[in-house]
Structures are given as structure tokens and as C-alpha cells.
Amino acid sequence: MPLGHCRSSLYCYENATDLFCPPIKLSQCSGSQRLSLTSDGSAEIHAPIAEQVPYNHTYHGQKYLDEYHWLRDDKRKNTEVLDHIKAENEYSKSLLASLKSLEDSIYDELISQNPKGRSRAKFVKGEYEYYMRQKKEAHHPIYCRKRVSEGSLAKEEVLLDLNQLEKEYLNLRNNQVNFYLGASIVSPDQKFLVYTLDITGDETYAIFVKDLKKGTTYEVLKETTGLVVWSNDGQHLYYTTNDDKYRSYRLYRHKLGNQQSSDELLYEEKDEEFSIRFKRSISET
């Protein structure tokens, strides 16, 4: 018999069937799932069903019905959407709970195949040898370099520890963070490192510049595509931004130390059939 809904005003479950929404026994209701009682008095939870809200898109003079358009939330701030996603995640976790031991054993087996961690081929640029290494159970790699002239006595310099960086963002955002590294490029004079991070999951990147001598990160450019290139003099950055359709359409030049609002717009691609991509030449001239 039905117990009711946690958010009955937002979601309708009358069309749900056990074939596609198998019930899961849980001790309490959360999110937007429906609860019902079993014969032994325990609670069953059903998959959350998103409300269908009519919305018409118009393309080339034709209208297309999209009943789930309301679920799009580029800013990740719509509480109804966030609650529904939370309910979906909780239902999935409950549904797969019996496979947790198998999940753990598969993970342990994969880790055991690489007992010493991972590394990539080293390369020399200027005065330094650059390389990446990853600890056995770490989620992300560590980017490092050593001075070539010092040979085997050279001390390792950690340029970017993504594992530590992820922990810092998790603490700042209450463990709710996407974490993806886009670009990481050392400046031509090898004094700075520019890197881009997507911490929202919508492929919008923030650009950071790290002073490798001081070890401080002091530059932030927001709402970019993640594409970034150093100027030859190491004093400027070139980057692009997206339009409302996530098309890379504007190319900017940023001078280190200046505010992003003062950056120079170099080019805007107004034709929606095209987008901007750019990179340094192989010769780096």
C-alpha cells in the first residue's frame, strides 16, 4: 500500500511499473522516490520518475516537443533538478548494493596488476626533464620535473599534485565536486605553469597560473573553454570562451597580472557553424 511521496507535488509515479522500476528495501525515504510497505512491514523504494513538462524547441521552422527540458540546469543551482539527481543516485546505489563486494574485488584486481603505480615517458625541454608519475591507489597523476644538469643528484620538483588539489576542492565544496584537468603547460621561460580545471562537470574551465619558483597560484580566468596557449615572451595567455550553446567563439589575450575584464578580444567567430580552435606550431615559433 502506498505511503506517499517525499516530493509529491513535483513527481508523478502512477505510470511506474515493477518491470522497469524494481522496488528496493530501504529503512527511510529520501529524495523523490515512492515508498510502499511489503507484507513483512519493511519499506520498498521505487525508481524516481521525472515529471514531464511540455516544452517546444523550434529549429528550421519546425517545433519539437521536449518534455524533459526542465532538467537542463547549466548552473547546477535548480533545487528540483538537484533533488531529482540525488534521488536517482541514491536509487542506483541501493539497487547495486548487493554487488558492492564484487565491485571492490574487481577494483582490487585492477590495482594489483599495477603494483608500483604508473609513469609516462620523460621528455626534456630547456633545462629540465619533465615526467608524470602516479601512485598505486591515487586517482590522479603527479606532474614533476628535474634539472638535467644535475644528473642523478637532481631533486624532484613537483609542479602539480592533482590528488592534493582535488582534496582542497572537496573540502571547500563539501565533497561535491567534479574534477578534471584540461591543459597543463609550462611557460617558454619555464618559470610558470598554466593549467585548466573543470570543477562543475559542464566542460567550463577555470585557468590558473602557478609561479614555479614561489610555489604560489595567483591567476584565475573564469568561464573558459580550457584551451590556452602561452605567448612567446611568457607574459600573455591566449584563451577562448563559449557562447550559450557551448561553442568556442571568442579568442582573448590576457596579460599576466591584469584583471580578466581588461583582456583584449582578438577575434569573434559569428558564424554558428564554426568554432575556434588554436595551438602553438610544432616549432613553437
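Since we're looking at a predicted model, the values are computed, not measured.
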>> Would you say E80 and H84 are linked by a side-chain donor-acceptor pair, where the criterion is simply a distance under 3.5 Å?
In response: no
> Would a distance-only check, ignoring hydrogens and angles, find a side-chain to backbone donor-acceptor pair under 3.5 Å from E264 to L266?
Replying inline: no
>> For the residue pair D198 / T200, report whether a side-chain donor-acceptor contact shorter than 3.5 Å exists.
In response: yes
> Is it the case that one hydrophobic cluster holds both V229 and V194, taking links as side-chain heavy atoms less than 4.5 Å apart, direct or via other members?
Replying inline: no
> Among all residues two or more places apart in sequence or in another chain, which pass the side chain to side chain contact (heavy atoms under 4.5 Å, CB included) test with K155?
Replying inline: none
>> Strictly distance-based, threshold 3.5 Å: is any side-chain N or O of D73 a donor or acceptor partner for the main-chain N or O of V81?
In response: no
>> Using the ring centroid of each side chain, check whether F179 and H139 are separated by less than 6.0 Å.
In response: no
> Taking the side chain from S248 and the backbone from I276, do they hold a donor-acceptor pair closer than 3.5 Å?
Replying inline: yes
> What salt bridge (charged side-chain N to carboxylate O under 4.0 Å, His left out) pairs are there with at least one residue in residues 223-251, not counting sequence neighbours?
Replying inline: D243-R247, R250-E268
>> Restricting to non-hydrogen atoms, name the atom on D263 and the atom on K255 that form the minimum distance, rounded to 0.1 Å.
In response: OD1-N, 4.4 Å
>> Please check: side-chain N/O of W230 versus main-chain N/O of I185, any donor-acceptor pairing under 3.5 Å?
In response: yes
> Same hydrophobic cluster for V186 and L162, using side-chain heavy-atom links shorter than 4.5 Å among ILVMFWY?
Replying inline: yes
> Can you name the salt bridge (charged side-chain N to carboxylate O under 4.0 Å, His left out) partners of E156, sequence neighbours left out?
Replying inline: R133
> How would you list, by chain and number, every residue that makes a salt bridge (charged side-chain N to carboxylate O under 4.0 Å, His left out) with D74, sequence neighbours excluded?
Replying inline: R72
> Taking a hydrophobic cluster as the set of Ile, Leu, Val, Met, Phe, Trp and Tyr residues connected by side-chain heavy atoms closer than 4.5 Å, whether directly or through intermediates, do L227 and L265 fall within one such cluster?
Replying inline: no
> Where do A183 and T196 come nearest, in terms of heavy atoms and distance?
Replying inline: N-OG1, 2.8 Å
>> Testing V220, V228, T216, L237 one by one against V209 for a side-chain contact (heavy atoms from CB on, under 4.5 Å), which residue passes?
In response: L237
> By salt bridge (charged side-chain N to carboxylate O under 4.0 Å, His left out), which residues pair with E67, not counting sequence neighbours?
Replying inline: none
>> With a 3.5 Å distance limit and no angle check, can you tell me whether E219 reaches the backbone of L256 through a side-chain donor-acceptor pair?
In response: no
>> Whether the side chain of D66 engages the backbone of Y55 through a donor-acceptor N/O pair (distance < 3.5 Å, no angle test) should be reported.
In response: no
> N232 versus R280: any side-chain heavy-atom pair under 4.5 Å?
Replying inline: yes
> With side chains defined as the heavy atoms from C-beta onward, is the minimum distance between L181 and L160 less than 4.5 Å?
Replying inline: yes
Which atom pairs, donor and acceptor, lie under 3.5 Å between side-chain atoms of residues 96-103 and protein residues at least two apart or in another chain?
residue, atom, partner, partner atom, Å
K100, NZ, D104, OD1, 2.8
K100, NZ, D104, OD2, 3.1

>> Suppose clustering is done on Ile, Leu, Val, Met, Phe, Trp and Tyr with side-chain heavy atoms closer than 4.5 Å. Which residues sit in the same group as I142?
In response: V158
> Mind checking what makes side chain to side chain contact (heavy atoms under 4.5 Å, CB included) contact with E150, not counting sequence neighbours?
Replying inline: R147, A154
>> Test: side-chain hydrogen bond (donor to acceptor under 3.5 Å, both in side chains). Region: residues 205-215. Which pairs qualify, not counting sequence neighbours?
In response: none
> What about V53 and L71, same hydrophobic cluster or not, with Ile/Leu/Val/Met/Phe/Trp/Tyr joined at side-chain heavy-atom distances under 4.5 Å?
Replying inline: yes
> What residue pairs, at least two apart or across chains, pass ring pair (Phe, Tyr, Trp, His ring centres under 6.0 Å) with a residue in residues 246-278?
Replying inline: Y239-Y252
> Which hydrophobic side chains are connected to Y59, either touching it within the sub-4.5 Å cutoff or through other members that do?
Replying inline: Y64
> Between L159 and Y128, is there a shared hydrophobic cluster once you connect ILVMFWY residues whose side-chain heavy atoms come closer than 4.5 Å?
Replying inline: yes
> Which hydrophobic side chains are connected to V148, either touching it within the sub-4.5 Å cutoff or through other members that do?
Replying inline: V124
> Between Y91 and P48, which heavy-atom pair has the shortest distance, and what is it?
Replying inline: CB-CD, 3.9 Å
